[in-house]
Peer 1: 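Dumping the structure here so I can ask a few things about it.
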Amino acid sequence: MRKYFQYILTLAGLLIVWQIVSMIIGSYALPGPVTVLQKLADDARSFQYWRHIGTSVYRITAALAIAFVMAVPLGLFLGMSPRTDRLAKPLIYLSYPIPKIVLLPIVLLIFGLGDMGKIVMLAMILFFQLLITTRDAARGVSREARYSLFSLGGTKRHLFRHVVWPSCLPAVFTSLRIATGTVVAVLFFVESISTRYGMGFYILDAWGRADIPQIFAGMISLAVLGVILYESFDFMERIFCRWNRI
Amino acid sequence: MTGSSPDLIEAREVSKIYRSEDSAVKALASVDLSVRQGELIVLVGPSGCGKTTLLLILAGLESATRGRVFFSGRELDGPRREIGLVLQDYGLFPWKTVRCNIELGLVIRREPIDSDKVDAMLEELDIADKADLFPQQLSGGQKQRVAIGRALILNPQLLLLDEPFAALDTLTRERLQDLVLDVCRSRGLGMVMVSHNIPEAVRLGEKIVVMTGQPGRITRIIENPMARNTDYRASDQFYNMTRILRRELEGGNA
């Protein structure tokens, strides 16, 4: 309850600052919150707006799911198997710093200009964040934890189920929460290319028409989307990692 | 291979060398040790003398570079349910409640969980009211009680403890020492405990095995039959024995 109160308080503070800055620099460059929220309320009554939102949500969800399914098992495997990790390390460390977004033309060439190309681009960026966090968490399982489990008759399968997976879950949720920020930012970029739907297009289209209130309406929509994703992962962590919140 | 030893566990000529890419550390050199059913043994010695290594080899968690270990006459080739292990940092899993931590051995071995037995164990260890808490909600002493319960639920014949009370205050430590003695006596368990604490070694060890390092060897085994007596801690013999052990350890370090 306190958390939601803090959200409301922060939001109220932001709206006040926004209104003041808007009055200082002029409502054409920075329309006030009332104008923007009015525009958002008008658009929210149209099917088109929800189609933009739905398309973005679909791309984000698909990218997160693909990245999760590919990166988390691989990270756990590398963390549990030092030999394979040593072999994979040069490849990961060489490819990790490359700004994946520069691969966008190649990705679109291979996977097409439709949804698949955009989803693959988003998933590629998220993949490394999830992979490295999960691998490091799996590596961090102590020798004492292994001894404890093996002394009870556990096998590697038990080690994974009872020790590695539960101990890595908080790190996985943390990386998913961090990934929400990244995915929303990159979404704007990938949706600026060859698409007619998505919040990225919604904002760029408004820019082209110099519809400043719609730009801000799009920004607010993306921010709300980010908050919903973040809070969803936070909620899931509270359920699956109850022990970590004590 | 079957040996003829009547001992519960026996280490014969056990050596251990830890090798890395550019070095080799000899942790143990030709160690012989045997533990009979119901016998309480404490390993003492300076840090790095191989006490924990020996304990892990007896637990079947580390293999000896040379020599053999026999459990009930059969060569030990890995962890066994008859050997329980309790570690200094408790080795509890923070994502499992106290009850789930204690039941884990049964879950892993796919044995039916007898709730009454688990409840009785919680009661015996005085943590019945903590059953649904997570380890991080417990004190150090309570955590170690859970770790002891987890080892005991599988009905071991031998209990191995690696400095189990090192992080506890004196009174909690003494209460847990008494608990371990009670548990071992009532169940007839053999025990091997690693300790850095001289009074603890004298209180618990019917045999006190003194080790020296580089490489780890057993230099002397001190018989301490009075350790069975409940009022031993307050007696003159107890202080005499602590002096003997201190002198032995100081001699080893010199």
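The basis for the numbers below is simple: all heavy atoms, side chains too, and nothing from hydrogens, waters or symmetry mates. Remember, predicted model here, so these are calculated numbers, not experimental data. Numbers restart at 1 for each chain; the letters A, B, ... are given by sequence-line order, proteins then strands.
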Peer 1: Do any of residues 139-160 of chain A have a heavy atom less than 4.5 Å from a heavy atom of chain B, and if so, which, in residue order?
Peer 2: A:R143, A:E144, A:A145, A:Y147, A:S148, A:L149, A:F150, A:S151, A:L152, A:G153, A:G154, A:R157, A:H158
Peer 1: Tell me which of these, B:L85, B:I83, B:L56, has more heavy-atom pairs under 4.5 Å with chain A than the rest.
Peer 2: B:L56
Peer 1: Determine, step by step, whether B:F134 and A:R242 satisfy the side chain to side chain contact (heavy atoms under 4.5 Å, CB included) criterion, reporting the C-alpha distance in whole Å, the side-chain angles of both residues, the deciding distance to 0.1 Å, and the verdict.
Peer 2: CA-CA 10 Å; B:F134 288 99; A:R242 194 161 60 93; 3.7 Å; yes
Peer 1: If you count the non-hydrogen atoms of other residues, nucleotides and ligands that lie under 6.0 Å from CD in B:Q214, is the total more than 12?
Peer 2: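 No, the 6.0 Å shell around CD holds no more than 12 heavy atoms from other groups.
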Peer 1: Just wondering, more than 12 heavy atoms not from B:R185 lying within 6.0 Å of its CZ?
Peer 2: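 Buried by this count: over 12 neighbours within 6.0 Å.
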Peer 1: Is the OH atom of A:Y58 crowded by more than 12 outside heavy atoms at less than 6.0 Å?
Peer 2: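 It does not: A:Y58 OH has 12 such atoms or fewer within range.
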Peer 1: Would you say the side chain of B:F93 lies within less than 4.5 Å of the side chain of A:H162, judging by non-hydrogen atoms?
Peer 2: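 Counting from C-beta outward, A:H162 and B:F93 never come under 4.5 Å.
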Peer 1: Please classify the contact of B:R81 with chain A as side chain, backbone, both or neither, using a heavy-atom distance under 4.5 Å.
Peer 2: neither
Peer 1: Examine whether an atom of B:I153 lies under 4.5 Å from a heavy atom of chain A, and if so say whether it belongs to the side chain, the backbone or both; otherwise answer neither.
Peer 2: neither
Peer 1: Answer with side chain, backbone, both or neither: which region of B:E62 has an atom nearer than 4.5 Å to a non-hydrogen atom of chain A?
Peer 2: side chain
Peer 1: Quick check on the structure: residues of residues 66-96 of chain A within a heavy-atom distance below 4.5 Å of chain B, by number.
Peer 2: none
Peer 1: Take atom OH in A:Y7; do more than 12 heavy atoms of anything else shown fall under 6.0 Å from it?
Peer 2: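 Atom OH in A:Y7 is crowded, with more than 12 foreign heavy atoms closer than 6.0 Å.
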Peer 1: Any side-chain heavy atom of B:W95 within less than 4.5 Å of one from A:C241?
Peer 2: no
Peer 1: Heavy-atom distance under 4.5 Å to chain A: side chain of B:V86, backbone, both or neither?
Peer 2: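 Neither part, no heavy atoms under 4.5 Å.
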